[in-house]
Amino acid sequence: MGRMNLDDLRSQLPVTNEVAYFQTGTYGPTLASVLHVVAECMQYEASHGPARPSTRQILVDKEEAARGSLAELLNVQPDELGLGMNTTRSLQKVLRNVDWKEGDEFLTTSIEHVSTADASRALEKDRGVKVRVVEADETDGAFLEALESGMTEKTKMLLISHVASPNGRIMPVREATALAHDKNIPVLVDAAQSIGQFPVDVPSLGCDYLIGSGPKWLLGPMGSGYVWVAPDHTEGFRPYFTPDIGAWSKPDAPLETATIRSRTELGTYNHALVIGLGEAARTMISVGQDVIRDHVSTLSKILREEMLNTSRVNVLTPLDPGKSAGVTTLSFDGYTEDDLHRLVKWLDTDRKILVKAQWLTAPLRLDHVGMRISVAGFNTEDEIRHLVSSIQDGLKIGA
C-alpha cells in the first residue's frame with residue numbers, strides 16, 4: 001500500500017456521498033478496502049474449504065500480517081494483543097481476569113462509556129464489589145486529586161478512558177496511572193475513542209491493560225476490537241478456564257510460552273474480521289495519525305468557534321489545546337431531551353447531516369444530555385460549514 005492522503009481516505013467511504021457523517025465516535029463507516037479483504041477472505045474459505053491445510057496456512061499468514069499492522073500502530077508486540085472481539089467484550093475479559101471478592105473496590109470516572117457503567121453495576125450485584133465513581137468535570141489537577149482520594153487499600157482496579165466518550169476530553173491517563181501504581185493498583189485504559197484519532201504510543205501510557213475498537217475511528221469492520229496486556233501481566237492473565245497444555249496434547253509435549261493471543265483467542269472465530277481490522281490499521285498508518293490529528297484539529301476549531309458565537313449553544317468539550325480531539329459536544333439552552341432528539345432527526349432528514357444525541361454521564365443524570373459531533377479525518381471544511389449553518393437554522397425555526 002502506497003502512502004495515502006485524506007482525499008484517498010474519503011474516496012473509500014461512499015457514505016460521504018449521501019450524508020455529512022459526524023457519527024464516527026459511535027460507528028465509523030467501514031473502509032472499502034476493509035470490506036474487500038473481509039469478503040475476499042470469507043469467499044476464499046468457502047471456495048477452498050476452511051479445514052484444508054493450504055487454506056488455513058494462507059489465512060494464518062494474513063492474520064499474522066494483520067496482527068503486525070495493529071501492533072505497529074500501537075507500538076506494541078504482536079503477541080501482546082488479543083484480537084477479534086468488540087471493546088465491550090474486551091472490557092469483560094479484563095474484568096473477569098480479576099479475582100473479585102466481596103468488599104473489593106472498583107474505581108472509575110463519571111464520564112465513562114455505558115458499557116463500563118453496566119459492568120460496574122454487575123460487579124456490585126454479583127460480586128459485592130463497591131464501585132467508586134470520581135467526578136471528572138473539573139480541571140485535570142482537581143480530577144487527579146479526587147482520583148487519588150478515591151483510592152484505598154481495597155481498590156482492585158482503576159478504569160479510565162483515554163478520550164471520554166461523552167465530551168471528547170483527553171484524560172490525564174499517564175498521571176492517573178502513576179498515582180494508581182504508587183498504590184499498586186492496576187490500570188485499564190479504554191482507548192476506543194483515541195486509537196485512530198491521533199498517534200498513541202501505548203507503552204508510554206504506563207497502563208497495565210488497554211482495550212480498543214475496530215469500527216470507530218479505525219474505520220474497521222463492525223464487531224472487531226482488541227485487548228492489550230502489558231508483558232509483566234501476561235502470565236497471570238487468565239480470563240477463561242483453559243490449561244496451558246490441552247487435553248489432546250501428548251504427555252511429553254513442551255509447554256509453550258503463554259501469550260495474550262493464546263489466553264484470549266479461543267476456539268473458532270471470524271478470521272475475516274481480524275484480517276479486516278489489520279487492513280484498517282494499515283490504512284491509518286498509510287495516511288498518518290499525525291495528518292489525521294492536524295486536519296481534525298483545524299476542522300474542530302472552526303466548529304467550536306462558530307458554536308461559541310451562536311446564541312443558546314454551549315460547547316461542553318474542553319477548548320484548551322491538547323485537551324480534546326475530534327469529538328465536540330454541545331448543549332442548547334432551554335432544550336429538553338425530546339427537543340434535542342427532534343433537532344438531531346431534523347438534521348438527518350432535512351439537511352443530510354448525521355450527529356448524535358446522547359447522555360453525558362454514567363451513572364445516568366437525566367438533566368445531562370447533549371449533541372455529540374465526531375469530526376474524523378475524512379470530513380471536510382464544507383461539511384463543517386454546512387453543519388454550523390444547519391444547527392443555526394434549526395435553532396431559529398425550532399426544529
Side-chain angles (χ1 to χ4, degrees), residues 10 13-30 111 113-114 163-169 192-194 196-197 213 215-219 222 292 295-319 324-362 364 367-399:
R10 185 176 173 87
L13 301 165
V15 69
T16 57
N17 298 318
E18 181 177 325
V19 65
Y21 196 95
F22 294 109
Q23 262 271 49
T24 301
T26 303
Y27 304 121
T30 306
I111 50 175
H113 190 269
V114 65
V163 173
S165 178
N167 64 5
R169 176 181 175 183
Q193 296 290 343
S194 62
Q197 282 216 63
S213 172
K216 293 185 188 292
W217 303 93
L218 286 181
L219 310 180
M222 194 69 71
I292 292 174
H295 176 69
V296 168
S297 177
T298 298
L299 297 187
S300 297
K301 182 178 180 182
I302 295 171
L303 170 63
R304 294 166 187 174
E305 287 179 349
E306 292 288 349
M307 290 295 93
L308 285 169
N309 292 322
T310 300
S311 178
R312 300 176 63 192
V313 179
N314 308 293
V315 179
L316 305 183
T317 299
L319 300 176
S324 63
V327 170
T328 297
T329 301
L330 311 174
S331 67
F332 303 88
D333 292 342
Y335 264 48
T336 66
E337 177 192 356
D338 289 342
D339 294 332
L340 183 59
H341 280 285
R342 187 166 54 251
L343 176 58
V344 168
K345 183 179 181 180
W346 178 82
L347 287 171
D348 182 15
T349 57
D350 194 86
R351 297 299 175 90
K352 304 301 183 208
I353 298 170
L354 195 63
V355 296
K356 183 182 183 183
Q358 73 163 33
W359 302 110
L360 304 179
T361 59
L364 179 66
D367 60 331
H368 276 49
V369 62
M371 176 188 291
R372 191 179 72 176
I373 302 163
S374 300
V375 180
F378 59 82
N379 290 122
T380 66
E381 183 174 341
D382 285 344
E383 288 179 324
I384 294 292
R385 300 290 183 188
H386 178 47
L387 169 63
V388 167
S389 63
S390 296
I391 290 175
Q392 292 170 340
D393 289 346
L395 292 174
K396 288 176 184 176
I397 66 175

- Query: Who passes side-chain hydrogen bond (donor to acceptor under 3.5 Å, both in side chains) against Lys301, sequence neighbours left out?
  - Reply: none

- Task: State, yes or no, whether a side-chain contact exists between Val369 and Tyr335 at a heavy-atom distance under 4.5 Å.
- Result: no

- Does a side-chain heavy-atom distance below 4.5 Å link Val15 with Phe378? no

- Task: Evaluate the side-chain proximity of Glu383 to Tyr21: yes if any heavy-atom separation is below 4.5 Å, no if none is.
- Result: no

- Message: Testing the basics here: between Ser165 and His113, what is the closest heavy-atom pair and its distance to 0.1 Å?
- Response: OG-CD2, 4.1 Å

- Query: With sequence neighbours left out, what residues match Asp350 under salt bridge (charged side-chain N to carboxylate O under 4.0 Å, His left out)?
  - Reply: none

- Looking at side-chain heavy atoms only, is the closest gap between Ile391 and Glu306 below 4.5 Å? no

- Query: Between Gly196 and Leu218, which heavy-atom pair has the shortest distance, and what is it?
  - Reply: CA-CD2, 4.0 Å

- Can you name the closest pair of heavy atoms from Val296 and Ala376 and give their distance? CG2-C, 3.5 Å

- If we only count heavy atoms from C-beta on, is the Leu299 to Glu381 side-chain gap below 4.5 Å? yes

- Hey, could you give me the OG1/CD distance between Thr24 and Gln193, rounded to the nearest 0.5 Å? 9.5 Å

- Asn379 CG to Phe22 CZ distance, which is reported to the nearest 0.5 Å: 4.5 Å

- Note on the structure: Looking only at heavy atoms, the pair that brings Leu360 and Pro166 closest together is O-CB, 3.4 Å

- Step by step, would you call Val344 with Lys356 a side-chain contact (heavy atoms from CB on, under 4.5 Å)? CA-CA 7 Å; Val344 168; Lys356 183 182 183 183; over 6 Å; no

- Does any N or O in the side chain of Gln392 come within less than 3.5 Å of the main-chain N or O of Thr310, such that one atom is a donor and the other an acceptor? no

- Query: Which pairs pass salt bridge (Lys or Arg N to Asp or Glu O under 4.0 Å) with one or both residues in residues 390-399, sequence neighbours excluded?
  - Reply: Arg351-Asp393

- Message: Under a 3.5 Å distance rule, please check whether Arg372 uses its side chain to pair with a backbone N or O of Thr329 as donor and acceptor.
- Response: no

- Message: With a 4.5 Å cut-off on side-chain heavy atoms, are Gln197 and Ile292 touching?
- Response: no

- Query: Do the side chains of Leu330 and Val355 get nearer than 4.5 Å, heavy atoms only?
  - Reply: no

- In this structure, CG of Asn314 is separated from CG of Asp333 (nearest 0.5 Å) by 4.5 Å

- Query: Once you round to the nearest 0.5 Å, how far does CD1 of Ile384 lie from OG1 of Thr298?
  - Reply: 10.5 Å

- Item | N-O pairing of Asp339 and Arg342 below 4.0 Å | yes

- Starting from the C-alpha separation in whole Å, work towards a yes-or-no answer on salt bridge (charged side-chain N to carboxylate O under 4.0 Å, His left out) for Lys345 and Asp348. CA-CA 5 Å; Lys345 183 179 181 180; Asp348 182 15; over 6 Å; no

- Query: If you look at every heavy atom in Ile111 and Ala164, which pair is closest and at what distance?
  - Reply: CD1-CB, 3.5 Å

- Message: Would you say Arg304 and Ser324 are linked by a side-chain donor-acceptor pair, where the criterion is simply a distance under 3.5 Å?
- Response: yes

- Item | Polar side-chain atom of Ser374 near backbone of Gly25 as donor-acceptor pair, under 3.5 Å | yes

- Could you give the distance from CD1 (Ile373) to CD (Gln23), rounded to the nearest 0.5 Å? 10.5 Å

- Message: I need the Lys216 NZ to Met222 CE distance, nearest 0.5 Å.
- Response: 9.0 Å

- Correct closest heavy-atom pair for Asn167 and Thr317 would be O-OG1, 2.7 Å

